[in-house]
Amino acid sequence: MNIHHVVLFCFSSAAVINGNAAPVDFHTKLEGLDFINQYNLNVQPGSSIYLCRNDCRREDILVETQGKLTQKDRYRIRYDKIDKKVHVVIEDLIPADTGRYKVGVGEYSSFSSYKEFEINVRARCEKVIYGEQRVYSGTVGGNITIQCSLSAHSLNRKFLCRDTCHNILIETTAERAISNKYEITYGNNGLFNVTITQLNLLDSGRYSCGVGRQFQTNQCQVFEIAVTGGGALRPLVCLTAVVLLVVCMLLLYKRRIRSVEYGNTRESEGNPETSIYDDCAPVSTYEGSAYWELEPQSRDHTLYCTLEMLPYVDVQPSQERA
């Protein structure tokens, strides 16, 4: 009997003596996964249900509800009236979530019914190794396949992640899985390959492929991907955009110049005498006198504009017939 069995026996004995709770449940989870479980509790209508840590003081309460689905941060609880069970969910586990929890009914200081459980969250990369090749090159639009040099059983949890492995790209316990542009394929040699398709410049960076084991150390292989091929295209696109902008501006300017010239031409054609005799006074249209616009003392034989009076000719009827 090892130390884990001794601890479990002690908790079981305490629970039996108390009579209110079953033995403490122990759960080992991998970082980034969700903790999901359900518990049989005696829930009366209107009773409060709590999820808390450690000794369940006021500051230890994570979330509480009167039966409806309630979520606070990463913690969620609800009471199902059909199966009469309290459902508990802790999302996106991190190593700091390791510890003792309690879900109970009634007052948080003295539960009438409760269950206690403990979670051990293991880091995805407890041990980091580096392969022979640390940097892999790819081109924009292409695919890249990398062999993860970690011995794994086909049923082990296999995953691919970026940076600190908090962002999991794909994860599976099967021999083959595809998620979006990422793929994991398990081989007969005990190793597995990870593939990324349709590469783009944003795919450049640090990655880790890893194996999660229940009773052994979780291992990760770290590598980098450098995607090239799109850098030469950006200046060409920018240059094309600038050229098109300049051409559009020149066309608009030329059109504006033509509009101004056309307007001036139409104005000159519509009133040609205005430009030729612009320095002459306007001629009166009054038929009574050719000197209507002249002062009386200036009425002499001198004409100040290029006007010429035609002589009056009296045409006789006989002349018209001739």
Exam field: side chain [X] to backbone [Y], donor-acceptor pair closer than 3.5 Å:
| X | Y | result |
| --- | --- | --- |
| E116 | V24 | no |
| E126 | T217 | no |
| Y114 | Y50 | no |
| N180 | Y182 | no |
| Q216 | N218 | no |
| K115 | N40 | yes |
| D55 | R57 | no |
| R74 | E91 | yes |

How about [X] and [Y]: do any of their side-chain heavy atoms sit closer than 4.5 Å?
| X | Y | answer |
| --- | --- | --- |
| Y207 | I146 | no |
| R124 | L30 | yes |
| D203 | K181 | yes |
| H87 | R76 | no |
| D80 | R78 | yes |
| V247 | L244 | no |
| V211 | R213 | yes |
| V140 | L201 | yes |

Look at D34 together with K29 and state whether they make a salt bridge at an N to O cut-off of under 4.0 Å.
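So D34 does not pair with K29 through a salt bridge.
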May I ask you to list the residues sharing a hydrophobic cluster with L41, side-chain cutoff 4.5 Å, ordered by chain and number?
F35, Y39, V43, I49, L51, L62, V63, Y75, I77, Y79, V86, V88, I90, L93, Y101, V103, V105, F117, I119, V121
Linked hydrophobic residues, L252 as query - side chain contacts closer than 4.5 Å
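None, because no other hydrophobic side chain comes under 4.5 Å of this residue.
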If the test is disulfide bond (SG atoms under 2.5 Å apart), which one of C165, C125, C209 qualifies with C220?
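Exactly one pass, corresponding to C125.
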May I ask you to check whether S47 and Q66 show a side-chain donor-acceptor distance below 3.5 Å?
no
Answer yes if the side chains of N120 and E118 hold a donor-acceptor pair under 3.5 Å, and no otherwise.
no
Please report the shortest heavy-atom distance between [X] and [Y], naming the atom on each side.
| X | Y | result |
| --- | --- | --- |
| Y130 | R134 | CB-NE, 3.6 Å |
| A123 | E31 | CA-OE1, 3.4 Å |
| T98 | R53 | O-NH2, 2.9 Å |

Does I129 share a hydrophobic cluster with F192, counting links as ILVMFWY side-chain heavy atoms below 4.5 Å and allowing steps through other members?
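Yes, it is one cluster - the side chains of I129 and F192 are joined through contacts under 4.5 Å.
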Is it true that V194 and L169 fall in one hydrophobic cluster, defined by side-chain heavy atoms closer than 4.5 Å?
yes
Nearest-0.5 Å distance that lies between atom [atom1] in [X] and atom [atom2] in [Y]:
| X | Y | atom1 | atom2 | answer |
| --- | --- | --- | --- | --- |
| R58 | C52 | CZ | SG | 10.5 Å |
| S204 | Y136 | OG | OH | 15.5 Å |
| R176 | S154 | CZ | OG | 15.5 Å |
| L191 | C148 | CG | SG | 8.0 Å |
| D92 | I168 | CG | CD1 | 9.0 Å |
| D97 | L33 | CG | CG | 11.5 Å |

By the salt bridge (Lys or Arg N to Asp or Glu O under 4.0 Å) test, which pairs, at least two apart or in different chains, include something from residues 153-167?
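Every salt bridge (Lys or Arg N to Asp or Glu O under 4.0 Å) pair that includes a residue of residues 153-167, provided the two are not neighbours, is R157-E171.
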Please say which of N156, L160, I184, I178 ends up in a side chain to side chain contact (heavy atoms under 4.5 Å, CB included) with T172.
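Among the candidates, only I184 passes.
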E107 atom CD, over 12 foreign heavy atoms within 6.0 Å:
no
Whether over 12 other heavy atoms sit under 6.0 Å from D83 CG:
yes
